[in-house]
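Written below as structure tokens is the structure these notes are about.
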Amino acid sequence: MVKFLLLALAFGLAHAYTELEGKWVTTAIAADNVDTIEEEGPMRLYVRELICSEACSKMGVTFYVNANGQCSETTVIGYKQEDGKYRTQFEGDNRFEPVYATSENIVFTNKNVDRTGRTTNQIFVVGKGQPLTPEQYEKLEEFAKQQSIPTENIRKVLNADTCPK
């Protein structure tokens, strides 16, 4: 019975991670230090693709950053830590994790510590190209409050994304 439960759990996690892989676009971003996600901010990331490898112990994230009117493509690899969060380097140290996933949207939290030691807590919502529904946006506002991020710091970025799709 225990083996069956472990197998079921492993299959469930594998299925959950397969939902993460694929083509995505950033729909909304929120941060407690809102300057980091404003237009041309260093952490205003326009996600394009997520790839899991080695049983999702590594997660590749391909995204664009738009600085000085130029879109720059970047891919980072996050390495899964003991606490289940992924760690990577981009504009400092980042610890991110998917906290909610459906076939339509994935919500990530991220803690960025930049080169000066400033910590920024962020939420990234990626989707398949549709804006958030009013109900989804309301849930995002509630989640932002739980993360101590002011709701006025939520940015809908889907229509502001001018980088190559």
Side-chain angles (χ1 to χ4, degrees), residues 11-53 55-78 80 84-88 90-91 94-112 120-165:
F11 178 76
L13 290 176
H15 177 71
Y17 281 117
T18 60
E19 284 189 357
L20 301 179
E21 286 198 308
K23 304 287 185 193
W24 296 95
V25 293
T26 306
T27 304
I29 306 172
D32 53 2
N33 294 318
V34 73
D35 60 293
T36 63
I37 61 164
E38 294 294 8
E39 286 194 33
E40 300 201 6
M43 294 301 292
R44 188 171 181 132
L45 311 180
Y46 299 109
V47 173
R48 292 296 183 263
E49 185 173 26
L50 301 173
I51 298 175
C52 284
S53 57
C56 228
S57 64
K58 294 182 190 177
M59 185 181 297
V61 182
T62 300
F63 58 89
Y64 283 93
V65 175
N66 189 343
N68 300 318
Q70 297 293 314
C71 293
S72 299
E73 185 179 36
T74 301
T75 299
V76 298
I77 304 295
K80 197 172 207 176
K85 295 180 181 177
Y86 292 87
R87 189 171 189 181
T88 193
F90 178 79
E91 293 294 328
N94 293 275
R95 295 176 62 83
F96 67 93
E97 70 177 324
V99 293
Y100 177 78
T102 68
S103 59
E104 295 177 4
N105 293 295
I106 306 172
V107 178
F108 287 90
T109 58
N110 183 53
K111 180 183 238 178
N112 170 265
T120 301
N121 294 301
Q122 302 166 312
I123 300 169
F124 289 90
V125 181
V126 299
K128 295 295 183 180
Q130 299 299 317
L132 294 176
T133 66
E135 180 182 71
Q136 290 168 330
Y137 190 81
E138 191 174 300
K139 287 180 181 179
L140 176 58
E141 286 181 320
E142 285 302 313
F143 186 61
K145 288 177 192 174
Q146 293 170 12
Q147 301 296 308
S148 300
I149 297 174
T151 57
E152 62 268 17
N153 289 7
I154 298 172
R155 299 293 181 263
K156 296 177 186 177
V157 299
L158 184 62
N159 293 330
D161 183 349
T162 58
C163 295
K165 304 267 195 284

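Taking the six-membered ring wherever Trp is involved, the centroid distance between the rings of Phe143 and Tyr100 does not fall below 6.0 Å.
Panel note: side chain Thr26, backbone Ala28; no donor-acceptor pair is recorded below 3.5 Å. Between the side chain of Glu40 and the backbone N or O of Gly69 there is at least one donor-acceptor pair closer than 3.5 Å.
Among residues two or more places apart in sequence or in another chain, the side-chain contact (heavy atoms from CB on, under 4.5 Å) test is passed with Leu158 by Val25, Pro131. Not counting sequence neighbours, Asp32 has no partner by the salt bridge (Lys or Arg N to Asp or Glu O under 4.0 Å) test. In terms of the salt bridge (Lys or Arg N to Asp or Glu O under 4.0 Å) criterion, residue partners of Glu38 (sequence neighbours excluded) are, by chain and number, Arg155.
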Working for side-chain hydrogen bond (donor to acceptor under 3.5 Å, both in side chains), residues Arg48 and Tyr46: CA-CA 7 Å; Arg48 292 296 183 263; Tyr46 299 109; over 6 Å; no
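Within 6.0 Å of CD on Glu138 lie no more than 12 heavy atoms contributed by other residues, nucleotides or ligands. Around CD of Glu152, the count of heavy atoms belonging to other residues, nucleotides or ligands within 6.0 Å exceeds 12.
Residues Ala31 and Ile37 share a closest heavy-atom pair of N-CD1, 3.6 Å. Closest approach of Thr88 to Gly78, counting heavy atoms only: CB-CA, 4.0 Å. The two residues Pro42 and Phe90 come nearest to each other via the heavy atoms O-CE2, 3.5 Å. In terms of heavy-atom proximity, Ala144 sits nearest to Ile123 at CA-CD1, 3.7 Å.
With rounding to the nearest 0.5 Å, the separation of CZ in Phe124 from CZ in Phe96 is 10.0 Å. Of the inter-residue distances, the one linking Gln136 atom CD with Glu141 atom CD reads 12.5 Å to the nearest 0.5 angstrom. With values rounded to the nearest 0.5 angstrom, Lys58 atom NZ is found 12.0 Å from Cys52 atom SG. Here the straight-line distance linking atom CZ of Arg87 with atom NZ of Lys111 works out to 11.0 Å at 0.5 Å rounding. Here the CD atom belonging to Glu97 is positioned 10.0 Å from the CE atom belonging to Met59, to the nearest 0.5 angstrom. A distance of 5.0 Å separates CZ of Phe108 from CD1 of Ile106, quoted to the nearest 0.5 Å.
You'll find the side chain of Leu132 reaches within 4.5 Å of the side chain of Asn105, heavy atoms only. The shortest side-chain heavy-atom distance between Asn66 and Thr162 falls under the 4.5 Å cut-off. For the pair Ile51/Glu21, a side-chain contact is recorded, criterion being any heavy-atom separation below 4.5 Å from C-beta on. The shortest distance between side-chain heavy atoms of Val65 and Arg44 does not fall below 4.5 Å. In this structure, the side chains of Tyr64 and Ser72 stay at 4.5 Å or more apart for every pair of heavy atoms. Residues Ile77 and Tyr86 are not in side-chain contact: their nearest non-hydrogen atoms beyond the backbone lie 4.5 Å or more apart. Contact check for Thr36 versus Glu91: no side-chain heavy atoms found under the 4.5 Å cut-off.
When each of Thr120, Asn153, Asn112 is checked for a side-chain hydrogen bond (donor to acceptor under 3.5 Å, both in side chains) with Asn33, only Thr120 meets the rule. For the side chain to side chain contact (heavy atoms under 4.5 Å, CB included) with Trp24, the lone residue among Val47, Val61, Thr62 that qualifies is Val47.
For the pair Lys23 and Glu49, the salt-bridge criterion is met [side-chain N within less than 4.0 Å of a carboxylate O]. Using a cutoff of 4.0 Å between basic side-chain nitrogens and carboxylate oxygens, Lys139 and Glu142 are not scored as salt-bridged. Salt bridge annotation for Lys156-Asp161: absent, with no cationic side-chain nitrogen under 4.0 angstrom from a carboxylate oxygen.
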